Asker: 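Would you mind keeping the following structure in view while I ask a few things?
Worth saying up front: this structure is predicted, and the values here are computed from it rather than measured. The residues of the chain are indexed from 1 along the displayed sequence.
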Amino acid sequence: MSEKLKELPVPFYLPAGRKNESRELYVQVFSEDTEKFVDYYYSFKTRDNEVLVIEEDGQIVSMLHLNPYPMIVNGYEVKSNYIVAVATKKEYRHRGYMRILLKKALRDMADMGMPFVFLMPASESIYAPFDFVWIGPYTPVPERVERMDAEGQNRYLAARYQLFCKRDSRYLEHHKAERRAEEGEQMPEKIPPFMARITDPVPMLRLVGSRQDGTCFLHIKDSLIDKNNGYFRWETFNGKASAEKLKDRPQRLDLDLTIGELASLIFGSLKCGLSEMV
């Protein structure tokens with residue numbers, strides 16, 4: 001008689017009052033971060049982020065954090081999440097927990113209509129199988145620009161980039177606190193570039209269009225998010241893009257591609273200016 005397979009754990013979001021319980025795992029895995037920086041992170045970032053976890057044996061053994069950022073893409077403001085603090089306790093690794101967490105988080109964000117998410121990977125090989133693609137290098141903002149107010153920083157960034165994190169009072173408050181937490185610390189010599197993943201192709205396609213008016217019919221395949229599979233119409237008219245998912249296969253098909261290939265196509269056309277660490 002074969003041994004009964006152990007049921008996969010069910011991930012869940014920590015309620016606000018329990019987010020600090022993830023700190024022990026954070027400190028274990030990200031030992032390079034100073035206590036001062038961890039204090040900053042758990043004082044500021046966990047105010048409004050989501051912490052998705054897996055519990056085993058009465059303890060948090062795997063987690064990822066979704067830190068919210070309003071983004072500007074081609075002049076449009078959209079909501080996105082920065083995936084950070086992806087960690088699993090050493091003795092619980094190689095059980096597929098990261099895949100369970102990512103799949104849950106990506107599907108939830110797709111259900112919210114969030115166009116994309118981004119992260120700074122420890123290694124491309126970890127996230128490429130989940131259809132994350134490179135979108136641009138870490139791009140520090142000059143100190144003279146950091147001294148500007150939010151409106152001035154947004155103008156500076158909009159003049160140079162098509163995709164960046166919008167500056168507002170919350171952003172500036174967090175950035176100032178982060179700078180204080182990093183005083184005396186040296187920046188890493190090499191900072192990895194950013195990767196992103198499309199979570200809902202319809203709002204993503206609406207953010208970008210071709211230089212010429214026209215209609216494109218796409219067939220998209222997504223191995224993680226079922227609702228993203230199917231046929232789509234993508235149209236540009238007078239410089240503005242529209243998109244919708246179709247119920248049936250169109251008579252003409254212009255592109256047949258995976259969600260990762262679509263991400264490479266779209267983000268490859270955008271100049272990104274990202275300088276966020278968490």
Asker: Any side-chain to backbone donor/acceptor pair from Tyr138 onto Met120? Under 3.5 Å, distance only.
Answerer: no
Asker: I'd like to check Arg170 versus Pro68 (side-chain heavy atoms, cut-off strictly below 4.5 Å). Are they in contact?
Answerer: yes
Asker: Tell me every residue that passes side chain to side chain contact (heavy atoms under 4.5 Å, CB included) with Val38, counting only those two or more places apart in sequence or in another chain.
Answerer: Arg23, Tyr26, Val27, Asp33, Tyr42
Asker: Are the side chains of Arg249 and Phe217 in touch, meaning some heavy atoms are under 4.5 Å apart?
Answerer: no
Asker: Taking C-beta and beyond as the side chain, do Leu255 and Leu265 meet within less than 4.5 Å on heavy atoms?
Answerer: yes
Asker: Taking everything shown except Lys36 itself, do over 12 heavy atoms lie less than 6.0 Å from its NZ?
Answerer: yes
Asker: Using the salt bridge (Lys or Arg N to Asp or Glu O under 4.0 Å) criterion, which residues pair with Arg160? Sequence neighbours excluded.
Answerer: none
Asker: Look at the side chain of Ser62 and the backbone N and O of Ile54, then say whether any donor-acceptor pair between them is shorter than 3.5 Å.
Answerer: no
Asker: Can you check whether Leu224's main-chain N or O pairs, donor with acceptor, with Asp222's side chain at less than 3.5 Å?
Answerer: yes
Asker: Tell me, please, which residues at least two apart from Glu276 pass salt bridge (Lys or Arg N to Asp or Glu O under 4.0 Å).
Answerer: Arg167
Asker: Can you tell which of Arg206, Lys227, Lys245 makes a salt bridge (charged side-chain N to carboxylate O under 4.0 Å, His left out) with Asp200?
Answerer: Lys227
Asker: Counting C-beta onward and ignoring hydrogens, is there a side-chain heavy-atom pair between Tyr41 and Thr46 closer than 4.5 Å?
Answerer: yes
Asker: Could you work out, with side chain to side chain contact (heavy atoms under 4.5 Å, CB included) as the rule, every residue matching Gln162, not counting sequence neighbours?
Answerer: Asn74, Leu270, Lys271
Asker: State whether the side chain of Lys19 and the backbone N or O of Asn49 hold a donor-acceptor pair below 3.5 Å, judged by distance alone.
Answerer: yes
Asker: With the side chain counted from C-beta on, respond yes when Lys221 and Asn228 share a heavy-atom pair under 4.5 Å apart, and no when they do not.
Answerer: no
Asker: Evaluate the side-chain proximity of Leu205 to Pro115: yes if any heavy-atom separation is below 4.5 Å, no if none is.
Answerer: no
Asker: Do Tyr97 and Glu56 meet the criterion of a side-chain donor-acceptor pair at a distance under 3.5 Å?
Answerer: yes
Asker: Listing request: all salt bridge (Lys or Arg N to Asp or Glu O under 4.0 Å) pairs with a residue in residues 60-80, at least two apart in sequence or in separate chains.
Answerer: Glu77-Lys166
Asker: Has the side chain of Asn229 got a donor or acceptor atom that lies under 3.5 Å from a matching backbone atom of Asp226?
Answerer: yes
Asker: For a 4.5 angstrom cut-off between non-hydrogen side-chain atoms, does Ile126 reach Met98?
Answerer: yes
Asker: Do His174 and Tyr40 have ring centroids that are under 6.0 Å from one another?
Answerer: no
Asker: Hey, is CD on Glu32 packed in by over 12 heavy atoms from elsewhere, all under 6.0 Å?
Answerer: yes
Asker: Once ring pair (Phe, Tyr, Trp, His ring centres under 6.0 Å) is applied, what residue pairs with a partner in residues 231-278 remain, sequence neighbours excluded?
Answerer: Phe116-Phe267, His219-Tyr231
Asker: Would a 4.5 Å heavy-atom cut-off, applied to side chains only, mark Leu52 and Lys104 as touching?
Answerer: yes
Asker: A cation-pi test, strictly: NZ or CZ of Arg47 under 6.0 Å from the centre of the six-membered ring of Phe44 and no more than 45 degrees from its axis. Yes or no?
Answerer: yes
Asker: Look at the side chain of Ser125 and the backbone N and O of Ser123, then say whether any donor-acceptor pair between them is shorter than 3.5 Å.
Answerer: no
Asker: Where the side chain of Arg197 meets the backbone of Val133, is there a donor-acceptor pair that is under 3.5 Å apart?
Answerer: no
Asker: Atom CD of residue position Glu143 - does it have more than 12 heavy atoms of other residues, nucleotides or ligands inside 6.0 Å?
Answerer: no
Asker: What do you reckon, is CD of Glu244 surrounded by more than 12 foreign heavy atoms closer than 6.0 Å?
Answerer: yes
